[in-house]
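Report on one structure; see the data block that follows.
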Amino acid sequence: MSANAPEKLTKKQLSADHPTWCPGCGDFAVLASFFKVLEKLQYPQEKIVTIAGIGCSSRFPYFVNSHGLHFIHGRALALATGVSLSRPDLHVFVFGGDGDGFSIGGNHLEHCARKNINLTYVIMDNYVYGLTKKQTSPTSKLGYKSKTDPTGAIDQPVNPMKKLISAGASFVARSHASQVKHMMAMYERAILHPGFSVVETLSECVVFNGGSFDDSNPRKGGVFETIDEEQHDVTDQHAAFAMAEDQYPGKFGVFYQQERPTKNALEQKWIDDSQARLGGEADPKDLLRKRFAVMK
Amino acid sequence: MSANAPEKLTKKQLSADHPTWCPGCGDFAVLASFFKVLEKLQYPQEKIVTIAGIGCSSRFPYFVNSHGLHFIHGRALALATGVSLSRPDLHVFVFGGDGDGFSIGGNHLEHCARKNINLTYVIMDNYVYGLTKKQTSPTSKLGYKSKTDPTGAIDQPVNPMKKLISAGASFVARSHASQVKHMMAMYERAILHPGFSVVETLSECVVFNGGSFDDSNPRKGGVFETIDEEQHDVTDQHAAFAMAEDQYPGKFGVFYQQERPTKNALEQKWIDDSQARLGGEADPKDLLRKRFAVMK
Amino acid sequence: MTIAADEPPVQGSDHSELSTPPLQDLQNAVIRFAGNSQDGIQTIGGFLARLAGRSAREVMTYMTIPSTISGGPSIFQVHLGSGEVLSAGDDTDFLVAFYQHSYDNHLSSLRDGGICIYDTDFVEPDLSDKRYEFIGLPITSTTIEAIGGSTKSRGKNMFVLGLVTSIFQLDRDKLVGIIERQFGKKDESVLRNVMLAFDAGYAYPIGDVYKNRFSLKAGTSTGSDRVTTDGNTALTYGLLAGGVRFGAGYPITPWSPVMEVLRSELPKYGGLFLQAEDELAAVSAALGYAYAGHLAVTGSSGPGLSLKMEALSYASMAELPLVVINVQRGGPSTGLPTSVEQSDLMQAIYGSHGDAPRVVLAPQDVEDCFYIAVEACRIARKYSTQVIVLSDQALSSRIEVFDEPDWDAVVVEDEGPALEDRPDDFKPYPLDGDTRHAPPGAKMLGGKYPVVTGLEHDEWGHPSANPEMHQKMTNRRRDKLKRLMEEIPTPEVFGDAKGDVLLVGWGSTYGPLREATGLLRDQGKQVSHMQIRHLHPLPKDLGEVFDQFDHVIVAEMNDEGLYGQGQLATLLRGRYANPKIKSITKTDGLTFKIREIVAGVSEHTGNA
Amino acid sequence: MTIAADEPPVQGSDHSELSTPPLQDLQNAVIRFAGNSQDGIQTIGGFLARLAGRSAREVMTYMTIPSTISGGPSIFQVHLGSGEVLSAGDDTDFLVAFYQHSYDNHLSSLRDGGICIYDTDFVEPDLSDKRYEFIGLPITSTTIEAIGGSTKSRGKNMFVLGLVTSIFQLDRDKLVGIIERQFGKKDESVLRNVMLAFDAGYAYPIGDVYKNRFSLKAGTSTGSDRVTTDGNTALTYGLLAGGVRFGAGYPITPWSPVMEVLRSELPKYGGLFLQAEDELAAVSAALGYAYAGHLAVTGSSGPGLSLKMEALSYASMAELPLVVINVQRGGPSTGLPTSVEQSDLMQAIYGSHGDAPRVVLAPQDVEDCFYIAVEACRIARKYSTQVIVLSDQALSSRIEVFDEPDWDAVVVEDEGPALEDRPDDFKPYPLDGDTRHAPPGAKMLGGKYPVVTGLEHDEWGHPSANPEMHQKMTNRRRDKLKRLMEEIPTPEVFGDAKGDVLLVGWGSTYGPLREATGLLRDQGKQVSHMQIRHLHPLPKDLGEVFDQFDHVIVAEMNDEGLYGQGQLATLLRGRYANPKIKSITKTDGLTFKIREIVAGVSEHTGNA
Ligand SMILES: Cc1ncc(C[n+]2csc(CCOP(=O)(O)OP(=O)(O)O)c2C)c(N)n1
Ligand SMILES: Cc1ncc(C[n+]2csc(CCOP(=O)(O)OP(=O)(O)O)c2C)c(N)n1
Ligand code: SF4
Ligand code: SF4
Ligand SMILES: [Mg+2]
Ligand SMILES: [Mg+2]
């Protein structure tokens, strides 16, 4: 690849290390869909940033040949907030699991959502802790037998859609790793949404939670029920919340979308206003001199 | 007070140090209401436990003459989880501010709610960081001028009712420190609710956010609109969510209540089942011997 | 140090030489199985270890975990011995290579003259390599044939186990008993297939050639079967024996197994373990149990420990008892989650903000994981303090054999919260006495109820910013650990009480250090060894012990830092300001090899 | 050490003695205002400090913050001097007591012969106490009278300021200028009332008696007005001068003012400061800026620092640059949020899990807060490392006077992310060179984009569990700080380069230690002083400096620990294993008094 001739960005260029995921893991399909969307959107390769915490799914950045960062467990969104706020030129993507996002990282998700940080977050939800080998996760179904719930999970799981909607996320969707086209559509819409966009993607952990999403996988005899946006007004938060109540496996598609100012824009406005008041970008030395004059 | 003669528990006995709050702070009324409810409920004094994190409001335990614990910022609910789960004989109360509960402690709130830990949590919400002297809090209104938002707050605030409802709290109510009777009613119902019960109580910080709740204080020309439970079915989560959408100052009363098994009960059941399978409480030495036999 | 020294080593790999078997009556054998983690090599390693426990043999195992999630290259090494087995072995005597990559990566682990058994279905060895002996056999195809094809190559591990049993003349019947106990619970056909594979390996003709060459000496029987388990398991049951009934944690490698077993076991004891949303919640909930009057445990590995530092600072101020387990792994950050390292010692002592004194202990082997856990419980209770136990990745997963504890002597009955009435003059933090909390539920006869706080406070626990009070309370929190110091026994010195070199270590380096010391002593060097199990406070009379040696050399698996000293070495120098104290360190994620220690000692003593 | 020594001290409080004023021409004066925090005593203290800056005088202030939220007893102490002012003063020369509790609690702060000015409306002094002189005047009622009753007692502070201006013959015009600048922005009536109160105090007859007694010598003018500010402010502008444009934090006392000013100021510089939901998010977001190619800052006080330990371990592994401020306060836990302590040093160095080398610096006075921040930025950039700056509560709020920085020399232009293309052979972590990240936005001409990780990795940043690689990379992360060590200047020794005692300190103890050294030297003792600003790595040739002294005594505001050594003393002994290194410690939440240091030195040297 030459630096000067802008070539078409292809899956080949975007592919990095071969994923270390187990054969059959749902995460492969998420990766493939992401590549396809990027091929479509043709962002400059160097402007793409993938960020993740810790987990099987969070190994994502290694498998994408773009700038990437593999952070600590649960804090990827907080780190990505810094990247997004300070670098409006970048396309910021965060990938991670249900444990990373809803357990240890649950609070950052809330605050990213209400602040409407401009980035796209894909939760690869397998209803289990994969990397640490089968402990109950916040989305594990009641009765699920894991190493930490040998007699079956007893804690009511998080409802990701409800959580995201009420936290104030401005784009909230749900998809399934067995449905590549659907994933692509969701990711694309999420990426094009200005603000904090989230796609919860059911992604089967074949090793520790095999068959968990068969109910919504037509190839496994399940039903993949998508949201009919003729019927569902995606800007209606109450309708979205009501739909989130549906029993598992529930519906797939965009639950909620509402444009509102991003923190990125609001902070930039403050910067612009401050500098305008000073008559444009000021020399730091002058700013410092002025402030020190007052301290005399 | 003698240890043997069970006397009536009075406000006098329940009063400890004189609160260090500023004169006029809303928190005084919360304390007074709490005393009155305890006078009514007549729990044994030694079985009452008040737990708090850090903040003006979190100084609460010092002012109640009961067993108490003043913990670190944001983790009171997590600590109280340990107390509640291991000591079913106690009445566990957690008090704290909006910063403590919705900012640094936001995740523990979520998980306490979904697990339905048996305790009562009163959020003394003053829409500001009081103890650290006026920084924007997660409930500060847009435009509120603080030391960290000198030109006015720009982050969309948390909607406490939405957050609590969607997290799975089984009793969610809202009250106002200017309305002692209402607070008493809410606290009493919260306490009698089996499971995780929360009362967000607007409590004015007269020093850093004076007048913030006048709109809902009839004595200041506002309207205190209570929820009519003839009209509102408290077990209807969607209705509760819809009501939470009301513009500030919104309604006061019980938004949502639904009995479901507490984690306390579910864990106890597991203990009971395990012990039943062993033919009742076993001698630890026998249990250990049995396990070690298998390792030979 | 693994093959009995009076046997001449085998040279070359010309099979004809083997007609008169030169090796017999092994005291020790180090066998490395190298394959993929899916091959179940851990399983057969475990069987061999358990057999050792039943044969009055010592054993130590060592394994690696693949970095890919789906499995991948992995080894399991078993060191079997009739004498004391102190390490997993620097070099291996036997390598069983399942794949080409196993062969390529592990051949160099064989000692000169060692034997490489390989699967001819997958491995093409360089037979011209005269350093080793090679024995090829079609492991995969023979297994498939034996089982009947349906389960494909599953069962290779059992084939190899049969082979090993035959080569080393192990007790087939005992082993089959162990296998049956394990697989008997499952579907009958499973056990049948397992035994088919095992027997195929046991009967495989190539085994005959070696049958009479290696007979692993049995140890002196102690009469009863011994316990065979890993460090995490020993630690977990130590906590139960110590009276822990409540715990909270969050999964992380290699700590998770401790919490998983506690979560399953505690309900039987009337307690419970909470899987919290994160480590911050876990330590907080554990302090909730402590406040409620229970002895509780929390734990994690490095990253999780960092998250607990604030709450542990609270615990120090409030003087709440707590046992905290840190199963250390390679750092910093996510580092090397499945490698061993001892780089969290400084954090254990100093990681919290403020002067937050707490106790730090480290078990020296698998058996000690049990006893140190019991002791941690005792200290936490007695001094109402936090005790951090520093185990590590190597200890956590390696298997050793030890005697069953004397339960009557060791088990502490959990008395539950002390709910008796408290007198008028009750003070939780008396300036002249021990901390004693009144948990909720206890009546205060004076009418005034206590508040436990992280603010500085007076004897009654009331917040106080009084300068004198802060000074006194800081002293008090420190002095209680000084009282503990008085009761810590001086660690035993292995070897002579005076001499040229005192080798000092802590934690899981015990075995290699002791073995290296033995070797050096055998060479006539005046070297002794001391393993420190109490790291904070340190035992009180170390200075006097050190005075008897010309060199005090501290070996540890962490970095030498900016000034050339490992973490314990820094602490010892900080305490004794004794320039004799020197450091051997390394951070390669592997346990010490004997030769690394020997080399380090020569370097510091100038005897190259 | 405050009143010029050739003046005989005043004895008794018989006012008739005062007809011939015995005190004149003060070089120094320590004035303590004791009242409630609502009385605005901080305001007048600030005015006096600023006036000093404009009068070529030195100044140092000291204040306490009430533990109640609504305000309460509080003091503000001003040490004004025409010579060097190094501490806020052990004892006060003048006490202004607003209330009985002010009188009761602070009278003992007066030196023998000191003067107590009290408000007769509230205070009943014990006039028979012959150690002090007493001057009573109806401060409250006179103020109310002057202003006209409406604002009640508000304005008492300005009355007292007027009084002090008259007593010490301060430059009234300059002071009025400063007052006008402050209050001029507000409602006109405010300034009028302020001036009414001020003038009433200035003109109050009792002042006349003393007018000629105390005339505070002006210093040698440097021509231009000097800067008067507190440590937090100096630190904040140091960060801006050093090129920091992005930051993230969470409020906590006494760190909050730093983040508040950054949040207001950064937009002007084109940057921004994020108020995060907690400290975990704050440090993570700051690392996000760093990854994005910006020099960033995060900060907190003790509890918040504990929460940052995991992410800082990541930063060490990933080698991301970051400046981290810790404005230390009394610990452990919530401790004493408004008291001073230096007990986070060990945590700063060793608080993260794993071997996570990072830099630790500490400013020695208010001016140095500025320069150390600039240096922190430089080091973080140059070595792509984390720099923790240990300020403290005393430094944060005390006011000093210093020369305006030479902006042209000091300001670092922020160059923003380095987005140039990276060549084929780009390696972020070369084994033989400096770490250089390619931030997102930079094109990789080799076609392969980097992933920054907390796993151990190779030169390209790819995760690697290879033993040798872990060893090499650990060395690399350590060795870059050793390179930094080479460029750290040996701290200047005040006094002779050899002698009996070298007093060593770090951070805000600079002033008291220097003053104590001066005092001891005046007494003919061979005492020198060194303040260490670079704590990790330590400067390289300290050993040689120490060799020139019989005693090396380290004084610090933290606990002596289990082995009788403070935190820096432990580090120095750990490094040099030199038993000459001894410790003076205390944890009473107060800055060192000169006499405490003097006593500590005598104790260690045996010259009582
Ligand atoms: C602070 C910290 N705590 C715990 C861990 C261990 N850990 C790594 S991944 C993980 C959870 C994995 O589950 P999830 O996020 O759902 O991802 P998955 O593997 O299922 O894709 C945990 C607990 C860690 N690395 N750091
Ligand atoms: C880990 C940590 N971070 C920050 C603080 C500082 N702090 C104390 S209270 C508080 C917030 C107070 O606000 P809130 O919880 O709303 O209580 P309020 O004072 O308003 O009642 C903060 C940030 C702390 N004590 N510990
Ligand atoms: S363990 Fe589960 S989630 Fe992880 S890679 Fe394997 S299948 Fe996927
Ligand atoms: S600062 Fe505000 S919240 Fe705090 S005590 Fe005062 S009025 Fe109440
Ligand atoms: Mg998962
Ligand atoms: Mg608040």
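Note that the coordinates shown come from a computational prediction; the quantities given were computed from them, not determined experimentally. The sequence lines fix the lettering, A, B, ..., with proteins before strands; numbering per chain opens at 1.
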Does [X], at its [atom1] atom, have more than 12 non-hydrogen atoms belonging to other residues, nucleotides or ligands within less than 6.0 Å?
{"X": "B:Lys36", "atom1": "NZ", "answer": "no"}
{"X": "C:Glu415", "atom1": "CD", "answer": "no"}
{"X": "C:Lys448", "atom1": "NZ", "answer": "yes"}

Pairs flagged by side chain to side chain donor-acceptor pair (under 3.5 Å) wherever residues 276-289 of chain C is involved - sequence neighbours left out: B:His108-C:Glu277

Pairs flagged by side chain to side chain donor-acceptor pair (under 3.5 Å) wherever residues 97-106 of chain B is involved - sequence neighbours left out: B:His73-B:Asp100, B:Asp98-B:Ser137, B:Asp98-B:Thr139, B:Ser103-B:Tyr129

Those residues of residues 283-296 of chain B, ordered by number, that approach chain C below 4.5 Å (heavy atom to heavy atom): B:Asp283, B:Pro284, B:Lys285, B:Leu287, B:Leu288, B:Arg289, B:Arg291, B:Phe292, B:Ala293, B:Val294, B:Met295, B:Lys296

Checking [X] against chain B: side chain, backbone, both or neither under 4.5 Å from a heavy atom?
{"X": "C:Ser313", "value": "neither"}
{"X": "C:Tyr237", "value": "both"}
{"X": "C:Leu419", "value": "side chain"}
{"X": "C:Ala248", "value": "neither"}

So which residue, [options], ends up with the most heavy-atom pairs under 4.5 Å with chain B?
{"options": "C:Asp414, C:Ile178, C:Val411", "result": "C:Val411"}
{"options": "C:Leu51, C:Thr228, C:Val283", "result": "C:Thr228"}
{"options": "C:Gly454, C:Gly53, C:Ala442", "result": "C:Ala442"}
{"options": "C:Glu413, C:Arg54, C:Arg181", "result": "C:Arg181"}
{"options": "C:Pro439, C:Gly243, C:Ala286", "result": "C:Pro439"}

Any donor-acceptor N or O pair under 3.5 Å, side chains B:Tyr62, C:Thr453: yes

C:Arg263: salt bridge (charged side-chain N to carboxylate O under 4.0 Å, His left out) partners, not counting sequence neighbours: A:Asp149, B:Glu267

If you round to the nearest 0.5 Å, how far is [atom2] of [Y] from [atom1] of [X]?
{"X": "B:Gln45", "Y": "C:Lys443", "atom1": "CD", "atom2": "NZ", "result": "10.0 Å"}
{"X": "B:Ser86", "Y": "C:Phe246", "atom1": "OG", "atom2": "CZ", "result": "5.0 Å"}
{"X": "B:Leu79", "Y": "C:Leu320", "atom1": "CG", "atom2": "CG", "result": "8.0 Å"}
{"X": "B:Ile72", "Y": "C:Leu280", "atom1": "CD1", "atom2": "CG", "result": "7.5 Å"}
{"X": "B:Leu85", "Y": "C:Phe273", "atom1": "CG", "atom2": "CZ", "result": "12.5 Å"}

Whether C:His462 side chain and B:Asp17 backbone form a donor-acceptor pair below 3.5 Å: no

Main-chain N/O of C:Lys268 paired with B:Gln275 side-chain donor or acceptor, under 3.5 Å: yes

Winner by heavy-atom pair count (cut-off under 4.5 Å) against chain C, out of B:Gly105, B:Ser66, B:Pro61: B:Ser66

Largest heavy-atom contact set with chain C, pairs under 4.5 Å, which of B:Thr81, B:Asn65, B:Asn107: B:Asn65

Shortest non-hydrogen contact from [X] toward [Y]:
{"X": "B:Arg87", "Y": "C:Pro440", "value": "NH2-O, 2.8 Å"}
{"X": "C:Ala281", "Y": "B:Ala78", "value": "CA-CB, 3.8 Å"}
{"X": "B:Phe71", "Y": "C:Ala311", "value": "CZ-CB, 4.4 Å"}

Using a 4.5 Å cut-off on heavy atoms from C-beta on, say whether the side chain of [Y] contacts that of [X].
{"X": "C:Val452", "Y": "B:His70", "result": "no"}
{"X": "B:Leu278", "Y": "C:Tyr269", "result": "no"}
{"X": "B:Lys115", "Y": "C:Leu274", "result": "yes"}

side-chain contact (heavy atoms from CB on, under 4.5 Å) between B:Ile48 and C:Tyr449, worked out: CA-CA 10 Å; B:Ile48 298 166; C:Tyr449 281 80; over 6 Å; no

Contacting moiety of B:Leu77, where chain C heavy atoms sit under 4.5 Å: neither

